[in-house]
Amino acid sequence: MKNHFYKSTGISLISGALLIIITMVLHPSGGGIEHIIKISKTIMIAHSLAIFSLPIILFGFYGLTICILDKWRLSILAFIIISFGLIAAMLAALFNGLVLPYFLNQYSNRLDDNLEMLKPITNFSFSINIPLDYIFIIACCIAILIYSVIVLIEDKLPKWIGFLGVFITLFAIIGGLTGFVFTSLTGFRIFTFSIAAWVLSSGLHLIKHKPNK
């Protein structure tokens, strides 16, 4: 029974990681209000795909949590933290990727008359998005660090996955201390691709995992 559970959750991690990669490839660069309206369909498709991937990834993390469950139950803590991070990611995608383009499109035919009104609203939406992105980034780093330390200690998955997770966390810390902007499109892509690589690797080995009898 557990073998099937690990396979299904491993497939969920792999599927979620691939969906994240596709989302970031499709994710258009930002711009002014006119540009957002022009590419609104692409924005909404990319962020809808991102939202769709989140529960799939969460189910995968649930399987990973059970797989490497330690005597201190710290993997459950990691699962709770990653859940908060994914909720933040969902809200960011919802506000900036669905609500804002939909709202701005209602003024596409009378943009010049309402431009001054729309600018503060757009800036407010971006202001909400940035802290949500940071919640997601920090939650991912903490959760993956906990998972990775457990992997290194418990030896239930290949140790290189644990080392990869620690490296990603150190990279994020160094980037934060040196002023690297993770909330820019390029910065967020680099971070997200790094996380996706770790998630994909964990999913592949979760499928192969054989629980101790």
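- Between F5 and C67 the shortest side-chain heavy-atom distance does not fall below 4.5 Å.
- Closest of all the heavy-atom pairs between G85 and A139 is CA-CB, 3.5 Å.
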Using a 3.5 Å cut-off and no angle test, enumerate the donor-acceptor pairs between side-chain atoms of residues 172-180 and protein atoms at least two apart in sequence or in another chain.
| unit_1 | atom_1 | unit_2 | atom_2 | d |
| --- | --- | --- | --- | --- |
| T178 | OG1 | I174 | O | 2.8 |
| T178 | OG1 | G175 | O | 3.2 |

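- When the options F136, F182, F193 are evaluated for a side chain to side chain contact (heavy atoms under 4.5 Å, CB included) with F188, the one that passes is F136.
- Rounding to the nearest 0.5 angstrom, the gap separating the CE atom in M117 from the OG1 atom in T122 is 9.0 Å.
- Counting heavy atoms from C-beta on, the side chains of L98 and S48 come closer than 4.5 Å.
- Distance check: I207 CD1 to S202 OG gives 11.5 Å after rounding to the nearest 0.5 Å.
- When only modelled atom types and interatomic distance are considered, Y147 and T65 share a side-chain donor-acceptor pair under 3.5 Å.
- Put simply, L100 and L118 are part of the same group of oily side chains (I, L, V, M, F, W, Y) that touch within less than 4.5 Å, one to the next.
- When the salt bridge (Lys or Arg N to Asp or Glu O under 4.0 Å) test is applied to K38, no partner is found at least two apart in sequence or on another chain.
- Once rounded to the nearest 0.5 Å, the distance linking OG1 of T9 with CG of L64 reads 8.0 Å.
- Criterion: ILVMFWY side-chain heavy atoms under 4.5 Å apart, direct or through other members. Under it, I144 and I87 are part of a common hydrophobic cluster.
- With values rounded to the nearest 0.5 angstrom, I56 atom CD1 is found 10.5 Å from L18 atom CG.
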As a quick check of understanding, evaluate side-chain contact (heavy atoms from CB on, under 4.5 Å) for L115 and E34, giving each step before the final call.
CA-CA 9 Å; L115 196 58; E34 298 91 341; 4.2 Å; yes

So E154 and I68, side-chain contact (heavy atoms from CB on, under 4.5 Å) or not? Walk me through it.
CA-CA 7 Å; E154 296 292 325; I68 63 172; 5.7 Å; no

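- Between H47 and I43 the shortest heavy-atom distance is ND1-O, 2.8 Å.
- Between the N105 side chain and the P101 main chain, a donor and an acceptor come within less than 3.5 Å of each other.
- Among pairs with a residue in residues 70-80, none fulfils side chain to side chain donor-acceptor pair (under 3.5 Å), at least two apart in sequence or across chains.
- Checking side-chain atoms of S40 against main-chain N and O of I37 turns up a donor-acceptor pair under 3.5 Å.
- Residues I76 and Y6 do not share a hydrophobic cluster, clusters being chains of Ile/Leu/Val/Met/Phe/Trp/Tyr side chains in contact below 4.5 Å.
- L157 approaches L206 most closely through the heavy-atom pair CD2-N, 4.5 Å.
- In the hydrophobic clustering of this structure, L86 does not group with L19; members are Ile, Leu, Val, Met, Phe, Trp, Tyr whose side-chain heavy atoms approach within less than 4.5 Å, directly or through other members.
- Both I138 and L77 belong to a single network of hydrophobic side chains, linked directly or stepwise wherever heavy atoms of I, L, V, M, F, W or Y lie under 4.5 Å apart.
- For the atom pair SG of C140 and CD1 of I135, the computed distance is 11.5 Å after rounding to the nearest 0.5 Å.
- The two residues G16 and S53 make their nearest non-hydrogen contact at O-CB, 4.3 Å.
- Of the possible donor and acceptor atoms, one in the side chain of K156 sits under 3.5 Å from a partner among the backbone N and O of L69.
- With a 4.5 Å cut-off on side-chain heavy atoms, F95 and N129 do not count as touching.
- A46 approaches T23 most closely through the heavy-atom pair O-CG2, 3.2 Å.
- Remark: side-chain polar atoms of N123 are paired, donor with acceptor, to backbone N or O of K119 under 3.5 angstrom.
- Heavy atoms from other residues, nucleotides or ligands lying under 6.0 Å from OH of Y62 number 12 at most.
- Between W198 and F61, the ring-plane angle classifies as parallel under the 30° and 60° cut-offs.
- Taken from CD1 in I57 to CD1 in I195, the straight-line distance is 10.5 Å, to the nearest 0.5 Å.
- Side-chain contact between F163 and V151: absent, with no pair of heavy atoms (C-beta onward) separated by less than 4.5 Å.
- For A143 against A78, the heavy-atom pair with the smallest separation is CB-O, 3.5 Å.
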